[in-house]
Each structure stands twice: as C-alpha cells, then as structure tokens.
Amino acid sequence: ARDRDNKFIIGRLTNTLGWLYQELGDFTRAIEHDREAADLGRRIKNDNVEVSSLINLGFDHLHLGEPGKALTLLEETLRRAEKGFGSHRWRWAMHIRAYLAETLITLGRPGDALGQIGQALDAAQATGSSKYIGRCHLLRGEIALGAGQAGEAEGDFAEALRIARRIGYPTLTWQAAHARARALVAAGARGQGADRIEQAYEMARLATDTIQSVADRLPYPALTSVFLAWGRVREVQETLDRLRRA
C-alpha cells in the first residue's frame with residue numbers, strides 16, 4: 001500500500017494493527033497505531049478510516065486508565081456515526097455502544113451501561129452479529145455480578161462463552177470463561193452448592209489454556225511477554241491458583 005501510496009489501505013491496515021494490539025493487551029502500542037490511522041483518515045477525508053480508528057482510540061483510553069476521556073470520545077463518535085454512513089452506521093453504533101457500556105461500568109454507572117448494552121444487543125441480534133451478542137452478555141453479566149446476582153451473572157457468562165466457542169473467538173472465550181469462574185465462586189460462597197467450586201476450576205482452566213494457546217502462536221517473544229503480563233491475563237492465572245488450593 002505504501003509503495004502505491006494507497007492511503008485508504010494504509011489507514012485501514014494501521015487501524016487493524018491497533019485492534020490486534022488491543023486483543024493482546026498492548027494498549028500503549030495500540031494507541032500509537034490508532035492515532036496514526038485517525039490522523040490519516042482525517043487528512044484524506046475518509047470517514048471509514050477515521051471513525052473506525054476513533055472507536056479504537058476510545059477503547060485504548062479506557063484501558064490506559066482514562067475512562068473519562070474514553071467516554072467523551074465515544075459519545076462524540078456515536079453522535080457522528082448515527083448521522084449516516086450507510087451500511088457502516090449500524091455496525092459502528094453497535095460497536096461504540098459496547099465500548100460505552102464497558103466505560104460506564106468502569107465509571108460506576110451500571111444503570112447507564114445497561115441502557116447501552118440493551119441497544120447494542122438489540123442491534124446485534126437483529127443483524128446476527130454473534131461477536132457482539134456474546135460481548136453484550138459478558139458485559140451484562142459483569143453488572144449482575146457487581147450487584148451480587150451471581151446466578152444471573154453466571155447465566156450471561158455461560159451464554160457469552162457458548163457463543164465465543166461456537167465462533168472460535170479466543171479473546172471472548174478466555175474472558176467469558178474467567179468471568180464464569182468468578183460467578184461460580186461467588187455462588188459457591190453463598191452456599192449454592194459445593195460443586196460450583198469444581199465447575200469454577202474447570203472454567204479457570206479453560207481460560208488459562210485458551211490464553212496459552214494464543215501465546216503459543218504469537219510470532220514475537222516481546223509480544224508474548226506483553227500479552228502474558230497484561231493485568232487481565234494475570235488475574236486468570238491468579239484465579240486458577242486460588243481454586244487449585246481450594
């Protein structure tokens with residue numbers, strides 16, 4: 001693309017690299033690529049490149065400890081996306097609402113997050129967007145778990161995991177499996193069955209095995225190290241270790 005000065009393809013691929021680094025927990029590198037792609041999209045006046053990159057940037061800011069900045073950017077981008085863009089409109093809006101929900105959860109606003117999840121889930125179900133159906137169940141489960149509703153949370157996490165495994169999406173698989181393990185532990189702590197702890201262990205093992213399968217396929221040792229050092233990944237191993245000792 002650079003040889004042919006195809007700026008659209010350069011922007012799309014740079015944005016895709018940003019997404020890839022997000023999947024591996026390297027948000028410092030992700031934000032560099034997403035900023036570059038957003039700037040390029042703005043310069044060439046290509047909304048496809050720019051808006052896609054702005055969505056990624058919102059997610060980057062959230063995971064770099066700037067949820068307020070993420071919220072502002074995502075809300076602005078949602079207003080822009082809802083103005084048009086043809087076939088991209090529904091996909092962008094669904095994508096942004098899922099990220100908005102996660103941001104609102106981080107900011108301690110679960111009620112507002114549920115509103116975003118509901119709209120995103122309606123759009124995902126209407127369009128058969130399995131990835132976002134699964135993500136919405138994962139987010140809804142986190143809200144239920146935070147409210148002490150372990151049984152309800154476990155149901156949402158189980159559905160997210162079922163979808164993730166059906167579509168072969170490892171990131172959602174390990175995140176949903178770990179979330180389900182946490183919900184099962186919470187249910188077991190409330191006297192809802194000792195077998196919940198054994199099930200939780202199996203879920204934590206699935207999450208750990210999935211993480212390792214991703215790490216084993218990464219082509220660069222430095223990238224593997226960053227992925228395995230991601231706080232969210234380390235939490236999975238910590239959960240498995242606690243359950244192994246239980």
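These figures come from a predicted structure and were not determined experimentally.
- Here the CG-CZ distance, from Asp156 to Arg180, works out to 11.5 Å after rounding to the nearest 0.5 Å.
- Residues Asn15 and Val49 fail the side-chain proximity criterion, which asks for heavy atoms closer than 4.5 Å.
- Atoms OG1 and NE2, from Thr239 and His178 in turn, are 3.0 Å apart once rounded to the nearest 0.5 Å.
- By the criterion of side-chain heavy atoms lying less than 4.5 angstrom apart, applied directly or through intervening Ile, Leu, Val, Met, Phe, Trp or Tyr residues, Tyr21 is grouped together with Leu64 in one hydrophobic cluster.
- Classified by interplanar angle (parallel below 30°, tilted 30° to 60°, perpendicular above 60°), the ring pair Phe59/Tyr99 is parallel.
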Hey, mind stepping through Arg42 and Asp47 against side chain to side chain contact (heavy atoms under 4.5 Å, CB included) and telling me if it holds?
CA-CA 7 Å; Arg42 195 175 298 114; Asp47 292 320; over 6 Å; no
Check the pair Leu13 / Leu17 against side chain to side chain contact (heavy atoms under 4.5 Å, CB included), numbers first and verdict last.
CA-CA 6 Å; Leu13 292 176; Leu17 278 171; 5.9 Å; no
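- Applying side chain to side chain contact (heavy atoms under 4.5 Å, CB included) to Glu102 and the options Gln116, Glu142, His63 leaves one that passes, His63.
- Contact check for Trp174 versus Val236: side-chain heavy atoms found under the 4.5 Å cut-off.
- Taking the side chain as every heavy atom from C-beta outward, Ile133 and Gln125 approach each other to under 4.5 Å.
- Remark: of the listed residues Thr208, Asp216, Asp209, Asp216 is the sole one forming a side-chain hydrogen bond (donor to acceptor under 3.5 Å, both in side chains) with Gln212.
- Looking at heavy atoms from C-beta onward, Trp19 lies out of side-chain contact with Ser52 at the 4.5 angstrom threshold.
- Note that CG of Leu62 is 10.0 Å distant from CD of Gln22, once rounded to the nearest 0.5 Å.
- For the pair Leu161 and His137, the minimum side-chain heavy-atom distance is 4.5 Å or more.
- Between Ala187 and Ala150 the shortest heavy-atom distance is N-CB, 3.8 Å.
- At least one donor-acceptor pair closer than 3.5 Å links the side chain of Thr72 to the backbone N or O of Gly68.
- For the pair Tyr201/Arg242, no side-chain contact is recorded, criterion being any heavy-atom separation below 4.5 Å from C-beta on.
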Before giving the answer on side chain to side chain contact (heavy atoms under 4.5 Å, CB included), spell out for Arg80 and Leu54 the whole-Å C-alpha distance, their side-chain angles and the decisive distance to 0.1 Å.
CA-CA 11 Å; Arg80 184 174 173 184; Leu54 290 174; 3.7 Å; yes
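- Taking all atoms of both residues into account, the shortest heavy-atom contact from Pro170 to Val214 is CB-CG2, 3.8 Å.
- Hydrophobic clustering keeps Leu114 apart from Leu78 (ILVMFWY residues linked when any side-chain heavy atoms are closer than 4.5 Å, directly or through intermediates).
- Considering only heavy atoms from C-beta on, Arg162 comes within 4.5 Å of Arg166 through its side chain.
- Shown here for Thr106 and Pro67, the closest heavy-atom pair between the two residues is CG2-CB, 4.1 Å.
- A donor-acceptor contact shorter than 3.5 Å is absent between the side chain of Arg97 and the backbone of Ala120.
- Taking CG from Leu104 and CD from Glu75, the interatomic distance works out to 7.0 Å, rounded to the nearest 0.5 Å.
- Relative orientation of the Tyr132 and His95 rings is tilted, given thresholds of 30° and 60° on the angle between their planes.
- Rounding to the nearest 0.5 Å places OG1 of Thr210 at 11.0 Å from CD of Gln175.
- A donor and an acceptor atom, one from each side chain of Asn46 and Glu50, are nowhere located under 3.5 Å apart.
- Residue Ala98 comes nearest to Leu139 through the heavy atom pair O-CD1, 3.5 Å, listed as atom of the first residue, atom of the second, then distance.
- Atom-to-atom distance recorded for Arg12:CZ and Asn48:CG is 5.0 Å, nearest 0.5 angstrom.
- Scored by the side chain to side chain donor-acceptor pair (under 3.5 Å) test, Glu202 finds no partners at all (sequence neighbours excluded).
- In this structure, Lys7 and Asp5 have side chains that are in contact, with non-hydrogen atoms separated by less than 4.5 Å.
- Residues Leu138 and Ile167 share a single hydrophobic cluster, defined by chaining ILVMFWY side chains whose heavy atoms lie under 4.5 Å apart.
- Applying the 6.0 Å contact sphere to CZ of Arg2 captures no more than 12 heavy atoms from other residues, nucleotides or ligands.
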Begin from the C-alpha positions of Glu32 and Phe27 and carry the test side chain to side chain contact (heavy atoms under 4.5 Å, CB included) through to its verdict.
CA-CA 9 Å; Glu32 294 173 358; Phe27 291 96; over 6 Å; no
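- Following chains of ILVMFWY side-chain contacts shorter than 4.5 Å, one cannot reach Leu20 starting from Leu40, and the two form parts of different hydrophobic clusters.
- The nearest pair of heavy atoms linking Trp230 to Glu23 is CZ3-O, 3.6 Å.
- When every heavy atom of Ile163 is checked against every heavy atom of Ser130, the shortest pair comes out as CG2-O, 3.3 Å.
- Leu24 and Ile31 end up in the same hydrophobic cluster when Ile, Leu, Val, Met, Phe, Trp and Tyr side chains are linked at under 4.5 Å.
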For salt bridge (Lys or Arg N to Asp or Glu O under 4.0 Å), just list the numbers for Glu235 and Arg232, CA-CA rounded to whole Å, side-chain angles, deciding distance to a tenth of an Å, and then say yes or no.
CA-CA 5 Å; Glu235 287 174 10; Arg232 194 163 182 176; over 6 Å; no
